[in-house]
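Some notes on the structure that comes next.
As the structure lists them, so they are numbered: ligands from 1, and atoms in each ligand from 1. In this text the structure is predicted, and so the values were computed from the model without any measurement.
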Amino acid sequence: MSETIYHQLGTRPVIDALGIYTDLGGSRMSSRVWGALEEANRSFVRMPELLDTTGQRLASLLGAEAARVTPGASSAIAMAVAACMTGSDFRKMEQLPQTAGMPSQVLMQRRHRYKYDRMVRLPGASLVEVGNVNGTEPDELEAAITSETAAFCLPAHLDGIPGTVPLETVASIAHGHAVPVIVDAAYLNFPVAIMRTFTARGADLAIFSAKYFGGPNTGGIICGRRALIDAVAGVDFTRFEASKYLSFGRPFKLDRQLVVGVVVALEEWLEMDHADRFAGYARSVATVARHLEGIPGVELTPMCFTMQETLEPEPVNCLQVRLTAGQDRVSEVADRLEAGDPSILVHAIGDAIVVDVECVSDEEAELIGRRLRDELAEKGTPAS
Ligand SMILES: *Cc1c(COP(=O)(O)O)cnc(C)c1O
């Protein structure tokens with residue numbers, strides 16, 4: 001491969017046939033989004049004003065009272081919890097992560113515990129599990145609320161799993177005690193109408209990650225009730241610099257370019273012809289498959305690799321390459337693809353190599369097809 005900026009910096013570039021992953025750099029920004037970053041780079045703005053006005057735009061796009069760009073969904077969880085603890089009290093915003101004098105418990109159903117729930121503790125809150133591994137009952141949620149309760153937290157991708165209380169019920173119980181509900185809907189952005197449903201169903205704050213809609217890897221959005229978004233604005237970096245209050249969220253700083261990029265990426269995502277997007281994936285899958293047709297012991301099936309990392313029939317975003325004869329070769333082939341330059345990263349799932357094409361360009365699809373053919377047809381020299 002030709003010398004890239006990554007090579008110059010001593011890093012091997014990778015071809016990402018895994019999908020959208022933070023540790024591979026998120027997604028590929030479109031030329032429209034990239035162009036917006038470039039344009040934003042040309043001049044300066046007042047960051048508090050930019051955050052406020054872009055927030056209004058995001059709110060109208062998402063059908064929420066108010067919204068704000070955040071540096072990712074993880075920081076949004078931390079700032080949401082901070083906002084629920086401090087309200088509009090600037091002294092409390094300075095005091096965090098020390099929580100004396102404010103409610104500091106965040107309730108979560110036991111079966112909803114997930115990777116990112118530790119962000120709740122960042123501003124000093126404690127996470128309190130309700131129910132057990134078999135599930136949680138509505139009356140257990142009701143009984144768990146005390147004067148120490150700052151918020152409920154609910155990961156949208158686990159909403160409604162067996163044994164759990166659904167968002168609407170959680171919201172009605174919480175609201176009966178004037179406790180807000182924070183929903184992490186990081187990747188629930190398609191069909192696009194779903195993005196408006198969380199606040200409509202009772203979330204006081206809903207959170208999305210821009211990495212999943214073609215925005216910057218470090219971008220995110222929080223939207224919801226006006227008073228709480230004002231409190232998020234109070235705890236974020238803008239007030240630390242622009243007011244006399246040294247509030248908690250100063251490390252969660254944003255670039256002006258990134259703020260603009262998140263808004264333009266969301267606009268593009270909402271306007272996009274998603275049938276076209278999926279047609280593009282189907283074409284890339286066909287490109288990879290074309291190189292592999294006719295190889296004995298190889299079975300090709302276009303599939304959908306889901307956010308839960310399972311395989312479903314539709315909508316197609318990946319090629320499942322089953323090795324019907326030499327299943328033991330799956331991880332060896334994946335390792336050899338990874339060892340090359342450029343390094344090609346694919347999933348090894350059971351008896352199949354799975355090539356996710358969501359982050360794969362046309363040129364890369366050709367290259368993946370050729371490299372896989374070399375490995376599977378066993379006619380090539382071993383990859384170095
Ligand atoms: C990726 C992800 C996050 C974190 O989002 P960032 O924008 O990377 O901080 C939070 N929750 C879920 C469910 C995610 O998939």
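- Arg256 places none of its side-chain heavy atoms less than 4.5 Å from the side chain of Val259.
- Shortest contact from atom 11 (N) of ligand 1 to any protein heavy atom: Asp184 OD2, 2.7 Å.
- Using the six-membered ring where Trp is involved, Phe190 and Trp269 have ring planes that are perpendicular, over 60° apart on the 30 and 60° scheme.
- Checking Lys115, Met307, Lys211 against atom 2 (C) of ligand 1, the nearest heavy atom belongs to Lys211.
- Between Asn217 and ligand 1, a contact under 3.5 Å exists for no N or O pair.
- Residue Ser74 has at least one nitrogen or oxygen atom sitting less than 3.5 Å from a nitrogen or oxygen atom of ligand 1, judged on distance alone.
- Side-chain atoms of Asp255 do not come within 3.5 Å of backbone N or O of Gln257 as any donor-acceptor pair.
- Atoms of ligand 1 found under 4.0 Å from any heavy atom of Gly72 (numbered from 1 in listed order, with element): 7 (O), 9 (O).
- With respect to atom 12 (C) of ligand 1, the closest heavy atom belonging to the protein is Ala186 CB, 3.3 Å.
- Atom numbering of ligand 1 starts at 1 in the shown order; those under 4.0 Å from a heavy atom of Thr22 are 8 (O).
- Salt-bridge check for Arg68 with Asp52: passed, with a basic side-chain N closer than 4.0 Å to an acidic carboxylate O.
- Against a heavy-atom cut-off of under 4.0 Å, His157 is close to the following atoms of ligand 1: 13 (C).
- Annotation: Ala73 places an N or O atom under 3.5 Å from an N or O atom of ligand 1; distance criterion only.
- At least one N/O-N/O distance between Ser209 and ligand 1 falls below 3.5 Å.
- Ring centroid separation for the pair Phe240 and Phe237 does not come in under the 6.0 Å cut-off.
- Judged by distance alone, the side chain of Arg373 and the main-chain N or O of His291 form a donor-acceptor pair under 3.5 Å.
- Ser172 and His175 are not linked by any side-chain donor-acceptor pair at a separation below 3.5 angstrom, with hydrogens and angles left out of the test.
- Of the protein's non-hydrogen atoms, Tyr212 OH, 2.7 Å is the one closest to atom 15 (O) of ligand 1.
- The backbone N or O of Ala352 sits nowhere less than 3.5 Å from a side-chain atom of Gln320 that would complete a donor-acceptor pair.
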